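None of these values were measured; they are calculated from a predicted model. To find a chain, count down the sequence lines: A is the first, B the second, and so on, and within it residues start at 1.
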Amino acid sequence: MQSCCLPGPFLTTAVENRASRPAPADRLCTMSSRPLSSGRRADLLRMSTLFVRTLREDPVDAEVASHRLLVRAGYIRRAAPGIYTWLPLGLRVLAKVEAVVREEMNASGAQEVHFPALLPKEPYEATGRWEEYGPNIFRLKDRKDGDYLLAPTHEEMFTLLVKDLYSSYKDLPLALYQIQTKYRDEARPRAGLIRGREFIMKDAYSFDVTDEGLAASYQKQRDAYERIFTRLGLEYVIVSATSGAMGGSRSEEFLSPSPIGEDTFVRSAGGYAANVEAVVTPVPEAVPYDDAPAAHVEDTPDTPTIDTLVALANAKYPRPDREWTAADTLKNVVLALVHPDGRRELVVVGLPGDRDVDLKRLEAAVAPAEAEPAGDADFAAHPELVKGYIGPKVLGPQGAVVETESGDKVSAIRYLLDPRVVTGTRWITGADEQGRHVFDLVAGRDFSADGTIEAAEVRAGDLAPDGSGPLELARGIEIGHIFQLGRKYAQALGLTVLDENGKRVVVTMGSYGVGVTRALAALAEANNDEKGLAWPAHVAPAHVHVVATGKSAEVFEAAEAIAGELVDLGVEVLYDDRPGKVASPGVKFADAELLGVPIVVVVGRGLADGLVEVRPRVGEAQQVPVADVVRVVTEKVEALLA
RNA sequence: CGGGCUGUAGCGCAGGUUGGUAGCGCGUCCGCUUUGGGAGCGGAAGGUCGCAGGUUCGAAUCCUGUCAGCCCGACCA
């Protein structure tokens, strides 16, 4: 555990925990999420001297509960937009979250390292990310005009470090991690710690020779993540995700379900869960079309939208069996893809008229290209596209063909269909002339496309691809993201090892992140009520909050004794020893509820009868004889930490 | 980057249209009282009214510019 202590002034040898001051900043060493069995005397925090100021009113700039309450309870203060200062209580919670992460990472076999947050640009130029990140990273110059950045993530550094030291397959597999402050110049920081410009992340990387090795390393990390979030008491959902700009293959996100989450995901009762971008549409069976009537073009004046088209179709060309609906129409949406080389390509996505294109899903499907709705200039360049009446006749294989540089013949306008548009399905769609639509156009008989694409919006009630039933949509806070990077970074930076045949092979990598500060925010988000925070015991700034009320010396002496005995037994105590003239009972109770320590012990008027009150932050209070209170509370704490 | 809103005491806000020596609540400090649900009374400290220019005898207030922050959206391992 040499990695536990920071060097220099943080290296504290002996800590007098009974001191009336908060523990010094050797948080990495004294903090632990372990139960009481260690037998070490625990911290005693005194409200009279603790550096904290609770706010009676909500901070005006805080919207979400975690942000509002963390500021109100004196855990954090805003230093700049998206940048927060940690006060003693907040730092204790943060250290406990870190401790859980650290313990589970170590248990998984990963080894802790620590990179600088301030880095030269060269490694990021080698992978192209100096450019790719654009304005989203903090850049700065040294006195010699050299370019530096505040690292948003450290793939390059890990890769180069391993390259620096290792050169044989015998050295692998290897997993390294760090818990580091990261910087991103977010266009819009929000929701306090949930989306900051400075945040703490645990990032881990695995290094393997083979794909099988990577799969095993990935699974180890995935297991570790499950243990981390379980121990933190944080509900989580694992969803399939797209790997996005990072490249790579398999990717999963750990989401903490919350209405204020920024990620939309779907899940089925049967256990399927996926990020919306990654949802795969179940492909229906092809339908026979032998008895289908021939396609016929009809006049449909003034029907540039699906709604107007459906209304007119029902009025003028009614269906015998039922009404036409938007789902009977084939909507052809023109989009422009911008490829990384700057090339602009027009594509048309054909999908049932009752659905819209989800740009994020589309982009996930066409990555690394970016997508945007086609503009007037695009339509001007393609007069065959009649706005509002676009049909397959001019698209894809049916349309014009151009020859590429390599001599292949491809569609001038690529036509990509939603997977629901299977062979045999019949559609009303544009006839490629103003005011005309074609009816009974059969997919596979009358038209075909260049391929299918997952670009249609996902809706509640859609079926899960694995047959596990209908999907519901939910929001979540992304607290972890793991993926199999593959060889992208190793290739770009030349990380190779010699295999058993003496052949040079490129190492394959996995990348595993936990948003530590974000997980803390998610915990606050999931554990609060109208009165304040209500921490799970493993991460609470203390296990027990002892409150002394009244003015008699006996009350304070008894409370002092109880607090002292508890810390001797390893129970962390926050002791409200403020004199009555400084804080009334009402103030103390309100603060206890706001601060959210899981067990509150009230020493006050009941003392005359030999009783103190033990109040869980959530649950029923009970009167306990003074003589028993230390035992009762210790048992409760042990149960909470078990 | 687009839309909306806001900058006045540590915090939350009023004042601004009608220019005239800056106010309320909470908090802070002193004194007395109170002591199981954010106490009462009395006294006190605390503000370049975001910044810069302008109009005016006089600007928190009117005009111009500018900066910052928050919220929504776009963006976003």
Side-chain angles (χ1 to χ4, degrees), chain A residues 53-64 67-68 71-72 74 77-83 129 132-137 151-155 182 184-192 194-197 199 201-205 241-248 251-254 260 262-263 275 277 359-360 363-364 367 370 372-373 478-485 488-489 510-515 518 531-532 547-552 555-556 576 578-594 600 602-608 611-613 615 621 623:
Chain A
R53 189 100 317 160
T54 57
L55 306 179
R56 185 189 295 242
E57 295 175 77
D58 283 332
V60 69
D61 57 351
E63 294 283 309
V64 304
H67 184 199
R68 200 165 34 98
V71 171
R72 247 191 87 192
R77 297 291 298 172
R78 195 188 75 106
I83 302 178
R129 296 208 300 175
E132 278 172 27
Y133 262 106
N136 295 317
I137 50 173
T153 167
H154 283 79
E155 278 81 1
K182 310 276 186 181
R184 284 182 209 168
D185 193 0
E186 293 282 353
R188 182 151 111 73
R190 71 177 107 187
I194 288 174
R195 187 177 196 70
R197 297 196 294 170
F199 55 95
M201 181 184 257
K202 186 285 298 176
D203 53 331
Y205 302 87
T242 52
S243 38
M246 300 302 307
S251 170
E252 289 169 298
E253 285 176 8
F254 288 71
I260 62 117
E262 298 189 309
D263 286 52
N275 192 298
E277 280 92 329
L359 265 186
K360 287 191 168 181
E363 288 204 322
E370 290 174 4
E372 60 187 42
E478 182 184 347
I479 49 178
H481 197 163
I482 56 179
F483 38 117
Q484 300 188 5
L485 279 183
K488 171 180 170 178
Y489 288 90
S511 159
Y512 318 95
V514 170
R518 195 181 263 186
K531 290 177 171 173
V547 174
T549 69
K551 56 180 174 181
S552 74
V555 163
F556 283 85
D576 199 340
R578 291 175 293 180
K581 58 166 50 182
V582 171
S584 68
V587 169
K588 292 182 176 183
F589 294 149
D591 275 347
E593 281 146 358
L594 181 57
V600 181
V602 182
V603 184
R605 64 179 177 199
L607 193 64
L611 296 173
V612 298
E613 189 174 322
R615 298 181 178 179
Q623 299 293 329

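- Comparing the same atom, C1', in B:C30 and in B:C49 gives a spacing of 29 Å after rounding to whole Å.
- Going from the C1' atom of B:A52 to that of B:U28 covers 34 Å, rounded to whole Å.
- The pairing partner recorded for B:C41 is B:G31, the criterion being a Watson-Crick or G-U wobble arrangement whose two distances lie under 3.5 angstrom.
- Base pairing of B:A22: no nucleotide in any strand meets the Watson-Crick or G-U wobble criterion (both distances under 3.5 Å).
- Atom NZ of A:Lys551 is separated from atom C1' of B:U34 by 7 Å (rounded to the nearest Å).
- Summarising the geometry, the separation between NZ on A:Lys581 and P on B:U35 is reported as 13 Å, rounded to the nearest angstrom.
- Of the nucleotides present, none pairs with B:A60 by Watson-Crick or G-U wobble criteria with both distances under 3.5 Å.
- At least one side-chain nitrogen or oxygen of A:Ser584 sits closer than 4.0 Å to the OP1 or OP2 atom of B:A39.
- Using Watson-Crick or G-U wobble geometry with both donor-acceptor distances under 3.5 Å, B:C5 finds its partner in B:G69.
- Atom NZ of A:Lys588 is separated from atom P of B:G36 by 11 Å (rounded to the nearest Å).
- Map A:Arg605 and A:Tyr512 each onto its nearest nucleotide of RNA chain B; the residue landing nearer the 5' end is A:Arg605.
- In this structure, CD1 in A:Ile194 is found 13.5 Å from CZ in A:Phe199, a value given to the nearest 0.5 Å.
- A distance of about 15 Å separates the C1' atoms of B:G7 and B:C11, rounded to the whole Å.
- Here the separation of B:G73 from B:U61, taken at their C1' atoms, is 34 Å to the nearest Å.
- The separation between A:Leu611 atom CG and B:G36 atom P is 16 Å, rounded to whole Å.
- Taking atom CZ of A:Arg72 as the reference point, atom C1' of B:G10 lies 17 Å away to the nearest angstrom.
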List, with names and distances, any nitrogen or oxygen atoms from the protein found under 3.5 Å away from nitrogen or oxygen atoms belonging to nucleotides 24-28 of chain B.
residue: B:G27; atom: OP1; partner: A:Arg56; partner atom: NH2; Å: 3.2

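- For the pair A:Asn275 and A:Glu253, the tightest heavy-atom approach, listed with the atom from each and the gap, is ND2-OE1, 3.0 Å.
- Rounding to the nearest 0.5 Å gives a distance of 4.5 Å between CG of A:Asp576 and NZ of A:Lys588.
- Residue contacts shown for A:Glu252 are absent, as no nucleic acid heavy atom lies under 4.0 Å away.
- Of the C1' atoms belonging to B:U17 and B:C63, the separation is 15 Å, rounded to the nearest Å.
- Atom CG of A:Asp591 is separated from atom CZ of A:Arg578 by 5.0 Å, given to the nearest 0.5 angstrom.
- Across all non-hydrogen atoms, the minimal contact from A:Leu607 to A:Val555 is CD2-CA, 3.7 Å.
- Only the P atoms considered, B:G23 is 13 Å distant from B:A60, to the nearest whole Å.
- Using a 4.0 Å heavy-atom criterion, one finds that A:Phe254 contacts no nucleic acid atom at all.
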remark   = The contact string for nucleotides 67-75 of chain B, one letter per nucleotide 5' to 3', using protein heavy atoms under 4.0 Å with B, S and - for base, sugar-phosphate only and none, comes out as --SSBBBBB

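- With B:U35, B:G36, B:A39 as the choices, the nucleotide that has an atom nearest any side-chain atom of A:Arg615 turns out to be B:G36.
- Of the C1' atoms belonging to B:A59 and B:G2, the separation is 34 Å, rounded to the nearest Å.
- Contact between A:Arg197 and A:Pro81 at its shortest, heavy atoms only, is NE-O, 2.9 Å.
- Distance alone, capped at 3.5 Å, places no donor-acceptor pair between the A:Arg605 side chain and the A:Gly550 backbone.
- B:C1 and B:C13: their P atoms are spaced 28 Å apart (whole Å).
- Taking atom CG of residue A:Leu607 and atom C1' of nucleotide B:U35, one finds them 15 Å apart after rounding to whole Å.
- The distance from atom CZ of A:Arg77 to atom CZ of A:Arg53, rounded to the nearest 0.5 Å, is 11.0 Å.
- For the atom pair CZ of A:Arg72 and CG of A:Leu55, the computed distance is 7.5 Å after rounding to the nearest 0.5 Å.
- The two atoms that bring A:Arg184 and A:Pro152 nearest to each other are NH2-O, 3.3 Å, heavy atoms only.
- Distance alone, capped at 3.5 Å, is enough to place a donor-acceptor pair between the A:Lys202 side chain and the A:Tyr512 backbone.
- Nucleic acid contact class of A:Gly513 (heavy atoms, under 4.0 Å, all strands): none.
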